[in-house]
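To start, the structure under review is shown below, and the notes come after it.
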Amino acid sequence: AGQALLHDPHTTNWMMTGGCGTFDAIVFGGPTVREENKKSNRKLLDKPFHAELGAASPYIVTPGEWTASELSTQAQLLVG
(Lines give C-alpha, C1' and ligand atoms only; values in the text may rest on other atoms or scores of the structure.)
Protein backbone atom coordinates (compact mmCIF):
# COMPACT_ATOMS: atom_id res chain seq x y z
CA ALA A 1 0.00 0.00 0.00
CA GLY A 2 2.85 2.40 0.85
CA GLN A 3 4.60 1.82 -2.46
CA ALA A 4 1.35 2.38 -4.35
CA LEU A 5 0.79 5.70 -2.57
CA LEU A 6 4.37 6.87 -3.09
CA HIS A 7 4.43 6.01 -6.79
CA ASP A 8 0.94 7.34 -7.54
CA PRO A 9 1.09 10.33 -9.94
CA HIS A 10 -1.09 12.33 -7.54
CA THR A 11 1.69 12.11 -4.93
CA THR A 12 4.02 14.99 -5.78
CA ASN A 13 6.21 14.88 -2.67
CA TRP A 14 6.52 12.85 0.48
CA MET A 15 7.67 12.97 4.09
CA MET A 16 8.96 10.21 6.28
CA THR A 17 10.04 9.50 9.81
CA GLY A 18 12.42 6.68 10.52
CA GLY A 19 16.01 5.82 9.75
CA CYS A 20 18.46 5.81 6.87
CA GLY A 21 17.75 2.15 6.10
CA THR A 22 14.07 2.88 5.64
CA PHE A 23 14.87 5.81 3.37
CA ASP A 24 17.28 3.69 1.31
CA ALA A 25 14.67 0.94 0.93
CA ILE A 26 12.05 3.43 -0.27
CA VAL A 27 14.31 5.30 -2.68
CA PHE A 28 16.76 2.63 -3.88
CA GLY A 29 14.78 -0.60 -3.51
CA GLY A 30 14.97 -3.88 -1.67
CA PRO A 31 18.08 -5.61 -0.34
CA THR A 32 18.92 -7.43 -3.57
CA VAL A 33 19.25 -4.21 -5.62
CA ARG A 34 19.74 -1.45 -3.05
CA GLU A 35 23.54 -1.26 -2.91
CA GLU A 36 23.99 -1.39 -6.69
CA ASN A 37 21.30 1.26 -7.16
CA LYS A 38 22.95 3.49 -4.54
CA LYS A 39 26.35 3.15 -6.25
CA SER A 40 24.90 4.12 -9.63
CA ASN A 41 22.51 6.69 -8.08
CA ARG A 42 19.54 4.89 -9.67
CA LYS A 43 16.55 6.05 -7.67
CA LEU A 44 13.33 4.05 -7.87
CA LEU A 45 11.50 6.99 -6.32
CA ASP A 46 12.71 10.43 -7.39
CA LYS A 47 10.14 12.83 -5.92
CA PRO A 48 10.83 15.74 -3.58
CA PHE A 49 10.81 14.69 0.09
CA HIS A 50 11.36 15.73 3.68
CA ALA A 51 12.76 13.39 6.30
CA GLU A 52 12.51 13.81 10.05
CA LEU A 53 14.37 11.20 12.02
CA GLY A 54 13.02 10.29 15.41
CA ALA A 55 9.45 11.60 15.21
CA ALA A 56 6.59 9.19 15.71
CA SER A 57 3.76 11.39 14.46
CA PRO A 58 3.53 11.35 10.67
CA TYR A 59 0.80 13.41 9.03
CA ILE A 60 -0.72 12.93 5.59
CA VAL A 61 -2.13 16.18 4.24
CA THR A 62 -4.84 15.84 1.65
CA PRO A 63 -6.82 18.39 -0.34
CA GLY A 64 -10.27 19.16 0.97
CA GLU A 65 -12.74 21.77 2.00
CA TRP A 66 -11.46 22.62 5.49
CA THR A 67 -12.81 25.34 7.74
CA ALA A 68 -10.42 27.81 9.35
CA SER A 69 -11.23 26.22 12.72
CA GLU A 70 -10.43 22.72 11.45
CA LEU A 71 -7.11 23.87 9.98
CA SER A 72 -6.23 25.70 13.19
CA THR A 73 -6.99 22.63 15.31
CA GLN A 74 -4.89 20.34 13.10
CA ALA A 75 -2.01 22.84 12.98
CA GLN A 76 -2.00 23.02 16.79
CA LEU A 77 -1.98 19.22 17.06
CA LEU A 78 0.84 18.92 14.55
CA VAL A 79 3.04 21.54 16.18
CA GLY A 80 2.29 20.23 19.67
Side-chain angles (χ1 to χ4, degrees):
Q3 287 290 338
L5 285 170
L6 287 170
H7 290 278
D8 187 282
H10 293 97
T11 302
T12 57
N13 57 60
W14 57 284
M15 193 259 182
M16 68 163 280
T17 63
C20 294
T22 302
F23 173 83
D24 286 349
I26 292 169
V27 173
F28 295 106
T32 58
V33 297
R34 184 177 312 143
E35 290 307 313
E36 186 59 39
N37 285 345
K38 282 179 74 173
K39 287 178 189 175
S40 62
N41 200 32
R42 180 175 179 261
K43 295 178 181 177
L44 303 180
L45 181 66
D46 194 15
K47 294 182 181 185
F49 72 94
H50 299 278
E52 202 292 312
L53 303 179
S57 305
Y59 266 68
I60 298 174
V61 180
T62 61
E65 295 183 22
W66 306 105
T67 66
S69 177
E70 290 171 326
L71 288 173
S72 177
T73 298
Q74 293 304 314
Q76 290 174 24
L77 291 171
L78 176 62
V79 173

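Residue numbers run from 1 in the order of the sequence given.
Atom OG1 in T62 sits 13.0 Å away from atom NE2 in H10 (nearest 0.5 Å). Taken to the nearest 0.5 Å, the CG atom of L78 stands 12.5 Å off from the OG1 atom of T73. We find the CD1-NZ distance between I26 and K43 to be 13.5 Å, quoted to the nearest 0.5 Å. Separating the CZ atom in F23 from the CE atom in M16 is a distance of 7.5 Å, to the nearest 0.5 Å. Distance check, rounded to the nearest 0.5 Å: CD of E36 to CZ of F28 gives 12.0 Å.
Every pair passing salt bridge (Lys or Arg N to Asp or Glu O under 4.0 Å) that includes a residue from residues 17-33 is listed here, sequence neighbours excluded: D24-K38.
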### Message
Checking V27 against F49 for the side chain to side chain contact (heavy atoms under 4.5 Å, CB included) test, could you report, in this order, the C-alpha distance in whole Å, the side-chain angles of both residues, the deciding distance, and whether it holds?
### Response
CA-CA 10 Å; V27 173; F49 72 94; 5.9 Å; no
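Looking at K47, its side chain does come within 3.5 Å of a backbone N or O of L6 through a donor-acceptor pair.
As a member of the Ile/Leu/Val/Met/Phe/Trp/Tyr network built from side-chain separations under 4.5 Å, L71 groups with W66.
Nearest approach of E70 to E65, heavy atoms of both residues: OE1-O, 4.1 Å. Closest non-hydrogen pair, G29 versus R34, comes out as O-NE, 2.9 Å.
Partners of S69 by side chain to side chain donor-acceptor pair (under 3.5 Å), not counting sequence neighbours: none found.
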